[in-house]
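Here's the structure we're looking at; comments come further down.
All values below come from the heavy atoms of this structure, side chains included, with hydrogens, waters and symmetry mates left out. All figures in this text were calculated on a predicted structure; none of them were measured in a lab.
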Amino acid sequence: MLTCVIRYHIDPTKKAQFGEYARNWGQAIPRCGADLIGYYAPHEGSSTLAYGIYNVASLADYEAYRAKLANDPLGRENYEFAQKEKFLLREDRTFLTLASAPHGPDVSK
């Protein structure tokens, strides 16, 4: 399992537009095959950092998901919305694997 973490630098005066963008991905991402954990907007501290987080089984599954997303009507509309409104100043994507599992008490002792 891979977790994709997207770090966004957003225009702090356009937080409402980022919220709309996030809600749209909340519909399109699961429909296109990724397990959406969520989109997170600034609340306290930094007013410019936001995150999108989802899981995919593999990089091959990620590529298939991206192809579906590119053909999804809401996915295309959301991309165009971001381009038009210019609230995303920077976007960094990284793929992580869970290193802390299993969680909870160590039952082997």
Side-chain angles (χ1 to χ4, degrees):
M1 181 68 61
L2 297 174
T3 300
C4 180
V5 178
I6 307 169
R7 182 179 61 182
Y8 297 98
H9 291 259
I10 65 170
D11 180 335
T13 67
K14 296 184 176 185
K15 190 174 166 183
Q17 287 90 333
F18 181 80
E20 181 178 343
Y21 177 78
R23 287 186 298 278
N24 288 338
W25 285 140
Q27 301 301 309
I29 288 173
R31 181 172 57 236
C32 292
D35 175 24
L36 180 64
I37 296 168
Y39 267 71
Y40 299 86
H43 177 71
E44 190 66 33
S46 172
S47 63
T48 61
L49 288 179
Y51 295 88
I53 306 169
Y54 58 88
N55 292 318
V56 291
S58 67
L59 287 177
D61 286 337
Y62 170 74
E63 293 300 331
Y65 149 76
R66 293 288 291 183
K68 287 180 188 174
L69 196 61
N71 289 314
D72 183 84
L74 182 55
R76 284 193 310 270
E77 287 173 22
N78 213 29
Y79 177 76
E80 291 167 5
F81 171 66
Q83 295 297 306
K84 177 182 169 220
E85 296 294 321
K86 299 186 185 319
F87 53 88
L88 300 178
L89 306 177
R90 181 174 168 183
E91 180 178 328
D92 299 308
R93 183 175 280 105
T94 191
F95 293 89
L96 305 170
T97 57
L98 181 62
S100 62
H103 299 136
D106 185 355
V107 294
S108 65
K109 292 183 180 181

Answer yes or no: is there a side-chain heavy-atom contact under 4.5 Å between [X] and [Y]?
| X | Y | value |
| --- | --- | --- |
| N24 | E77 | no |
| L2 | T97 | yes |
| K86 | Q17 | no |
| D35 | M1 | no |
| Y54 | W25 | no |
| L98 | H103 | yes |

Indicate yes or no for a side-chain donor-acceptor contact from [X] to the backbone of [Y] under 3.5 Å, with no hydrogens or angles considered.
| X | Y | value |
| --- | --- | --- |
| R23 | G19 | yes |
| K15 | P42 | yes |
| K68 | G33 | no |

Please determine whether residues [X] and [Y] belong to a single hydrophobic cluster, defined as Ile, Leu, Val, Met, Phe, Trp and Tyr linked transitively by side-chain heavy-atom distances below 4.5 Å.
| X | Y | result |
| --- | --- | --- |
| Y51 | I29 | no |
| I10 | F81 | yes |
| L96 | L49 | yes |

What pair of heavy atoms forms the shortest contact from [X] to [Y], and how long is it?
| X | Y | answer |
| --- | --- | --- |
| C4 | R93 | SG-CG, 3.3 Å |
| A82 | F87 | CA-CE2, 3.6 Å |
| A50 | A41 | CB-CA, 4.3 Å |
| L36 | P30 | CB-CG, 4.1 Å |

Distance (rounded to the nearest 0.5 Å) between [X] [atom1] and [Y] [atom2]:
| X | Y | atom1 | atom2 | value |
| --- | --- | --- | --- | --- |
| E80 | N78 | CD | CG | 10.0 Å |
| H9 | D92 | NE2 | CG | 5.5 Å |
| Y8 | T48 | OH | OG1 | 14.5 Å |

Under 3.5 Å, is there a donor-acceptor pair between the Y21 and Y39 side chains?
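Result is no, nothing qualifies.
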
Looking at residues at least two apart in the chain, or sitting in another chain, which of them share a side-chain contact (heavy atoms from CB on, under 4.5 Å) with I37?
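Per chain and number, I37 pairs via side-chain contact (heavy atoms from CB on, under 4.5 Å) with T3, Y40, I53, N55.
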
Counting only heavy atoms from other residues, nucleotides and ligands, does the tally under 6.0 Å from OH of Y79 exceed 12?
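No, not enclosed.
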
